[in-house]
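Written out below as structure tokens is the structure these notes cover.
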Amino acid sequence: GGIAVDRDSRLTRQIARFDGTSWDHVGDRFNSQNDRLFDMIVFDEDGPGPAPEALYVCGRSDLAPLVARWDGSAWTDLSIPIESGEVFDLEVWDSDGPAPGGPALPRLFACGPFTDVGVQPTPPSYIASWNGASWQDVGLGLPNHPGIGLAMTIFDSDGPSPNNPALVVVSEVNEVDSRFTADITLWNGQAWTKLHSIESMPPAFQSGGPSNGRAWTHDEDGPGPLLP
């Protein structure tokens, strides 16, 4: 997110698109100085159904957490129904594996310093999923409360073996002597499993820093024998 000027000398905030020759604005949704975007991803809400893919962005708008969908002509807000916070990261995950997997459709997941979405009477969960119609809690939320969800990725721990890929979340746990610690946890659709703790996070991953960092899955030897 930032500020730019498009080819018609109009002010464009936070998001722009490139057509191969020049940059242009993407609708007129994000024009407030209080708008800030952190991430975007392509998601198909109905999977193999007739609806096309759409672009989803996240951040904050007028100081409230924001998720919005761009269908090629207009923005639609899917904002989490709470009053304050931000959404740092988006990820698409299919609980029963990619096609031709099981019948479950992929879901859009959002994480960040926002509170419970109201489906269950729980403490702040900092993570939610979009089923195409409404926001849902992800279990009882991140298990390391008050761990704030910073970044997500999809991880297949056994490569081509039968286990489905899982959703992995990096979350900020606490601050001691100006050093932030974090947990890396895995969601398999039923339960959370702690994978690792980071005792001193890089500044880019700290929720108060200029960038919230990213999480990635990497296969060091490509098609070689090592797993991602």
Side-chain angles (χ1 to χ4, degrees), residues 38-48 53 56 58 67 80 87-114 116-117 119-120 122-132 134-173 181-199 201-202 204-205 207 212-228:
F38 294 120
D39 191 36
M40 57 185 174
I41 197 169
V42 173
F43 175 52
D44 189 344
E45 288 186 347
D46 65 349
E53 295 179 330
Y56 292 73
C58 70
V67 178
I80 296 174
V87 180
F88 282 162
D89 197 23
L90 298 174
E91 187 60 80
V92 175
W93 180 60
D94 190 341
S95 62
D96 55 4
L105 293 176
R107 285 196 175 196
L108 179 70
F109 288 75
C111 72
F114 56 81
D116 171 54
V117 298
V119 179
Q120 301 182 38
T122 62
S125 60
Y126 304 116
I127 188 167
S129 70
W130 174 256
N131 64 6
S134 62
W135 289 101
Q136 304 289 320
D137 290 311
V138 181
L140 295 177
L142 292 175
N144 49 1
H145 176 72
I148 297 173
L150 300 179
M152 298 179 287
T153 191
I154 306 302
F155 178 56
D156 190 348
S157 61
D158 61 355
S161 296
N163 291 338
N164 288 327
L167 180 72
V168 172
V169 183
V170 179
S171 54
E172 177 182 296
V173 180
T181 62
D183 280 351
I184 300 175
T185 52
L186 178 148
W187 173 252
N188 64 5
Q190 301 294 327
W192 291 98
T193 301
K194 182 176 177 179
L195 299 181
H196 185 65
S197 290
I198 304 173
E199 294 186 357
M201 287 196 302
F205 268 106
S207 63
N212 301 310
R214 296 301 304 271
W216 296 94
T217 298
H218 174 58
D219 190 343
E220 293 184 349
D221 65 347
L226 297 179
L227 293 175

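- Between Leu105 and Pro48, the shortest heavy-atom contact is CD2-CD, 3.8 Å.
- Within the model, atoms CZ of Phe109 and CD1 of Ile127 stand 6.5 Å from one another, a figure rounded to the nearest 0.5 Å.
- Between Asn164 and Ser95, the shortest heavy-atom contact is ND2-O, 3.7 Å.
- The line from CG of Asp39 to CE of Met152 is 8.0 Å long, rounded to the nearest 0.5 Å.
- Rounding to the nearest 0.5 Å places CE of Met40 at 11.0 Å from CG of Leu90.
- Looking at every heavy atom in both residues, Leu108 comes nearest to Trp135 through O-CZ3, 4.3 Å.
- In this model, a donor atom of one side chain and an acceptor atom of the other lie less than 3.5 Å apart for Trp130 and Glu45.
- Side-chain contact between Tyr126 and Cys111 is absent, with no heavy-atom pair separated by less than 4.5 Å.
- Taken to the nearest 0.5 Å, the CH2 atom of Trp192 stands 8.5 Å off from the CG atom of Leu186.
- Shortest non-hydrogen contact noted between Asp94 and Ala104 is OD1-O, 3.3 Å.
- Here the straight-line distance linking atom OG1 of Thr153 with atom CH2 of Trp93 works out to 13.0 Å at 0.5 Å rounding.
- Closest heavy-atom contact between Asp183 and Lys194: OD1-CE, 3.5 Å.
- Looking at Asp137, its side chain never comes within 3.5 Å of a backbone N or O of Gly139 through a donor-acceptor pair.
- Val87 approaches Phe38 most closely through the heavy-atom pair O-CD1, 3.2 Å.
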